[in-house]
Amino acid sequence: MSEQIVKIVIAGPRGKMGSEAVKMVTETEHFELVAVVDSKYNGQTLADVDGFGPLDVPIYENMDQCFTEQEPDVLVDLTNPKVGRKHMEIAFQHGVRPVVGTTGFTDSDIEELSNIAEEKQLGAIIAPNFAIGAILMMKFSQMAAKYLPDVEIIEHHHDQKLDAPSGTALKTAQLISEVRTKKEQGHPEEKEELEGARGSNFEGMHIHSIRLPGLVAHQEVIFGGVGQTLKIRHDSIHRSSFMPGIRLAVDTVMKLNVLVYGLENIIE
């Protein structure tokens with residue numbers, strides 16, 4: 001028996017992640033890309049935009065209009081933190097399930113959006129990172145922290161990333177904090193000779209952010225113990241690494257009626 005066709009709208013199709021998502025959706029047999037939402041090319045199709053080939057997919061600037069005319073099942077939002085929440089709220093209003101790869105959501109954002117999802121009985125997924133390997137890195141780090149609670153996180157991203165530290169680094173720290181007793185690390189009289197030298201501080205764990213051209217998304221979690229260190233590292237060297245996670249999220253969100261924050265919560 002063939003799978004049910006999932007009608008999808010992508011917000012942010014011209015971005016590096018968005019263009020990969022367009023390719024993934026159009027190549028997945030049970031997905032149908034019914035429209036995209038963009039700040040340019042309103043009223044045209046992706047076929048009119050360089051790099052997309054002969055895709056007769058309409059482009060909308062107005063998300064309300066897009067949802068009203070196309071009646072999609074899922075919104076895949078790969079825009080930026082400034083508009084990600086707004087897009088989720090519009091999706092909920094139209095009965096559309098959002099899958100969001102935008103980071104920068106606060107705890108209060110997650111709580112408020114969770115309440116809306118529960119009220120509407122609509123599934124939603126917000127994932128700081130869609131790379132399956134990155135999710136495993138976070139899970140392995142949480143396991144290690146039970147035995148090696150002294151830990152620092154170094155995340156490396158391209159120089160166009162807007163938020164620091166990354167959503168993945170914060171999510172990693174949050175997962176570790178669930179099994180680690182909060183404590184300050186390093187010498188009790190440690191002093192930064194240059195402010196920020198020790199990075200940000202999350203319950204005593206230090207998080208360091210590197211931004212350079214040529215990078216995509218990379219993270220190393222370093223644990224220290226008596227006479228030993230353990231390093232757990234993940235590298236996304238191309239944005240295609242995120243597509244299996246987005247595909248999984250789209251399939252999963254159709255079965256949910258609550259908001260899930262973090263892809264690790266839908267991986268066995």
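If you read the sequence from its start, that first residue is 1, and numbering goes on from there.
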Ignoring hydrogens, what is the shortest heavy-atom contact between [X] and [Y]? Give both atom names and the distance.
X: M137; Y: V221; result: SD-CG2, 3.8 Å
X: A91; Y: F67; result: CA-CE1, 3.6 Å
X: V37; Y: C66; result: CG2-SG, 4.0 Å
X: F223; Y: S141; result: CZ-O, 3.4 Å
X: S209; Y: P165; result: OG-CA, 3.3 Å
X: S177; Y: E203; result: CB-OE1, 3.2 Å

Salt bridge (Lys or Arg N to Asp or Glu O under 4.0 Å) contacts touching [range] (sequence neighbours left out):
range: residues 172-190; result: D150-K183, E190-R198
range: residues 63-81; result: none
range: residues 155-171; result: E155-R211, K161-D163, K171-E264
range: residues 128-138; result: none

Would you say [Y] ends up clustered with [X] if hydrophobic residues are merged whenever their side chains have heavy atoms under 4.5 Å apart, either directly or through other cluster members?
X: V260; Y: L136; value: yes
X: Y60; Y: L46; value: no
X: V74; Y: L33; value: yes
X: L75; Y: V36; value: no
X: V99; Y: M63; value: no

I5/F31 under side chain to side chain contact (heavy atoms under 4.5 Å, CB included): CA gap, chis, key distance, verdict: CA-CA 6 Å; I5 298 298; F31 288 175; over 6 Å; no
Shared-cluster residues of M88, by chain and number - hydrophobic side chains joined below 4.5 Å: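 When side chains under 4.5 Å apart are linked, the cluster holding M88 also contains F92, V100, F105, I110, L113, I116, L122, I126, L259, Y261.
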Looking at side-chain heavy atoms only, is the closest gap between [X] and [Y] below 4.5 Å?
X: I176; Y: V151; value: yes
X: I59; Y: V49; value: yes
X: V25; Y: V22; value: no
X: I154; Y: I210; value: yes

Would you say that more than 12 heavy atoms from the other residues, nucleotides or ligands in this model lie under 6.0 Å from the [atom1] of [X], or not?
X: K16; atom1: NZ; value: no
X: E118; atom1: CD; value: no
X: L212; atom1: CG; value: yes

Measure from the side-chain N and O atoms of [X] to the backbone N and O of [Y], and report whether any donor-acceptor pair falls under 3.5 Å.
X: E20; Y: R239; value: no
X: N42; Y: E61; value: yes
X: S200; Y: I207; value: yes
X: Q219; Y: H234; value: no

Test of understanding: with salt bridge (charged side-chain N to carboxylate O under 4.0 Å, His left out), list the residues that count as partners of [X], not counting sequence neighbours.
X: D48; result: none
X: R14; result: D38
X: E112; result: R85

Non-neighbouring partners of T68 that pass side-chain contact (heavy atoms from CB on, under 4.5 Å), sequence neighbours left out: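 Counting only residues at least two positions away or on another chain, T68 forms a side-chain contact (heavy atoms from CB on, under 4.5 Å) with H94.
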Supply the atom-to-atom distance [X] [atom1] to [Y] [atom2], rounded to the nearest 0.5 angstrom.
X: K23; Y: L55; atom1: NZ; atom2: CG; value: 12.0 Å
X: L215; Y: H157; atom1: CG; atom2: NE2; value: 9.0 Å
X: N129; Y: S236; atom1: CG; atom2: OG; value: 6.0 Å

Check against side chain to side chain contact (heavy atoms under 4.5 Å, CB included), D107 and E111: CA-CA 6 Å; D107 290 342; E111 182 179 357; over 6 Å; no
Step-by-step side chain to side chain contact (heavy atoms under 4.5 Å, CB included) determination, L230 to L148: CA-CA 9 Å; L230 171 65; L148 297 169; 4.1 Å; yes
Would you mind writing out the side-chain donor-acceptor pairs for residues 244-255 within the sub-3.5 Å range, not counting sequence neighbours?
residue	atom	partner	partner atom	Å
R247	NE	T28	OG1	3.4
D251	OD1	H30	NE2	2.8
T252	OG1	L248	O	2.8

Step-by-step side chain to side chain contact (heavy atoms under 4.5 Å, CB included) determination, H218 to R233: CA-CA 8 Å; H218 319 260; R233 182 181 176 108; 4.0 Å; yes
Qualifying residues under ring pair (Phe, Tyr, Trp, His ring centres under 6.0 Å), relative to H158, sequence neighbours excluded: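 Residues passing ring pair (Phe, Tyr, Trp, His ring centres under 6.0 Å) with H158: none at all.
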Ring pair (Phe, Tyr, Trp, His ring centres under 6.0 Å) partners for F52, two or more places apart: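 Once residues adjacent in sequence are excluded, F52 has no partner under the ring pair (Phe, Tyr, Trp, His ring centres under 6.0 Å) criterion.
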Pair S166-T168, side-chain donor/acceptor within less than 3.5 Å: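 No, because no side-chain N or O of S166 sits under 3.5 Å from a partner of the opposite role on T168.
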